[in-house]
Every structure is written in C-alpha cells, then in structure tokens.
Amino acid sequence: MDNDIVDTVRSQSSGTVGRAVSHARGQALVLDSSHHPKDDAFTNSEAFLGAISSCGVTLIEGYAESEGIPVQRTAVEIEGTRPAADPARFERIAMRFRFAGVSREQAEHLVGIWRER
C-alpha cells in the first residue's frame with residue numbers, strides 16, 4: 001500500500017442551486033447538475049465523459065512518445081447517451097479517435113493499447 005496513488009477532490013456547493021465547485025491540487029472546476037445545465041460550465045456528465053476522453057489522449061500520446069511513434073496530434077470525441085427514463089445512467093458511450101502523423105495501422109495499434117488499459 002505504500003506505493004498507492006491517492007487522488008483527492010473536494011466538492012462543495014457554490015451558492016447557486018445545481019452548481020458545485022470541485023477543488024484539487026489548488027485548481028478549481030465548476031460543475032453543473034446534468035439535469036439543470038447552465039451555459040457557462042460543464043455538467044457532471046460532460047466532465048465524466050471529458051475525463052474518459054482526455055485519458056485516451058494523454059495515455060496514447062505518452063505511450064507513443066515512449067515507443068517512438070510519431071503522433072503529431074491526437075483528438076478523441078466521446079458521446080454518451082442517457083435514457084430520458086433514467087438519466088442518471090449512461091446507456092451507451094461511443095468514442096472516435098483521430099490522429100495526425102501516423103499510419104492507419106499505427107493508429108489502430110494505439111487505440112488497441114488504450115482499450116487494453
């Protein structure tokens with residue numbers, strides 16, 4: 001357990017119903033309820049999806065760099081579908097990876113590395 005990595009985030013009300021502020025390592029992130037989004041902050045659902053897609057970008061780019069694969073740019077688009085009858089759950093999540101600087105075979109290899117993790 002001495003090698004465990006512990007991430008801590010503290011969230012608190014913002015003074016606006018349906019909006020919270022999360023803090024980690026001196027950074028702040030404003031998040032809105034997915035049920036009542038406003039126009040100036042990510043919703044909880046969007047932040048969840050953003051965490052998954054950004055993990056894809058950073059994991060792939062780090063792996064590519066360590067293996068000498070010449071990725072110039074990585075982009076991931078993620079779309080989550082939540083049923084209206086149960087919007088607290090994702091029914092489907094789809095991701096699309098786009099790369100610059102690599103062959104199709106290299107891109108497929110990189111996506112495979114992400115899927116294995």
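Residues take their numbers from the sequence shown, with the count starting at 1.
- Rounding to the nearest 0.5 Å gives a distance of 10.5 Å between CZ of Arg82 and CD1 of Ile93.
- Connection of Val57 to Phe42 is not established within any shared hydrophobic cluster, with ILVMFWY side chains joined at heavy-atom distances below 4.5 Å, either directly or through further cluster members.
- Here the CZ-CZ distance, from Phe99 to Arg104, works out to 11.0 Å after rounding to the nearest 0.5 Å.
- Note: His35 NE2 to Thr43 OG1 = 10.0 Å, rounded to the nearest 0.5 Å.
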Under 3.5 Å, sequence neighbours excluded: what are the donor-acceptor pairs made by side chains of residues 15-24?
from, atom 1, to, atom 2, distance (Å)
Arg19, NE, Asp32, OD1, 2.6
Arg19, NH2, Asp32, OD1, 3.2
Arg19, NH2, Asp32, OD2, 3.0
Arg19, NH2, Asp40, OD1, 2.5
Ser22, OG, Ser11, OG, 2.6

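- For the pair Phe97 and Leu110, the minimum side-chain heavy-atom distance is 4.5 Å or more.
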message: Run Thr58 and Ile60 through side-chain contact (heavy atoms from CB on, under 4.5 Å) and show every step you take.
response: CA-CA 6 Å; Thr58 58; Ile60 285 171; over 6 Å; no
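- Taking OH of Tyr63 as the reference point, atom CD1 of Ile69 lies at 5.0 Å (rounded to 0.5 Å).
- Here the side chain of Gln106 pairs a donor or acceptor atom with the backbone of Ser103 at under 3.5 angstrom.
- With respect to the salt-bridge test (charged N to carboxylate O, under 4.0 angstrom), the residues Arg98 and Glu77 do not qualify.
- When hydrophobic clusters are built by joining Ile, Leu, Val, Met, Phe, Trp and Tyr residues whose side-chain heavy atoms come closer than 4.5 Å, directly or via intermediates, Leu49 is grouped together with Leu59.
- Nearest heavy atom pair, residue Ser53 against residue Gly50, reads OG-O, 3.3 Å.
- Here the closest heavy-atom approach between residue Asn44 and residue Ser33 is recorded as ND2-CA, 3.7 Å.
- The two residues Pro83 and Glu91 make their nearest non-hydrogen contact at CD-CB, 3.7 Å.
- Of the N and O atoms on the side chains of Gln12 and Arg10, at least one donor lies less than 3.5 Å from an acceptor on the other residue.
- The hydrophobic clustering, which links ILVMFWY residues whose side-chain heavy atoms are closer than 4.5 Å, places Ile52 and Leu29 apart.
- One finds the CG atom of Leu31 at 13.0 Å from the CZ atom of Phe48 (value rounded to the nearest 0.5 Å).
- Between atom CH2 of residue Trp114 and atom NE2 of residue His109 there is a gap of 15.0 Å, rounded to the nearest 0.5 Å.
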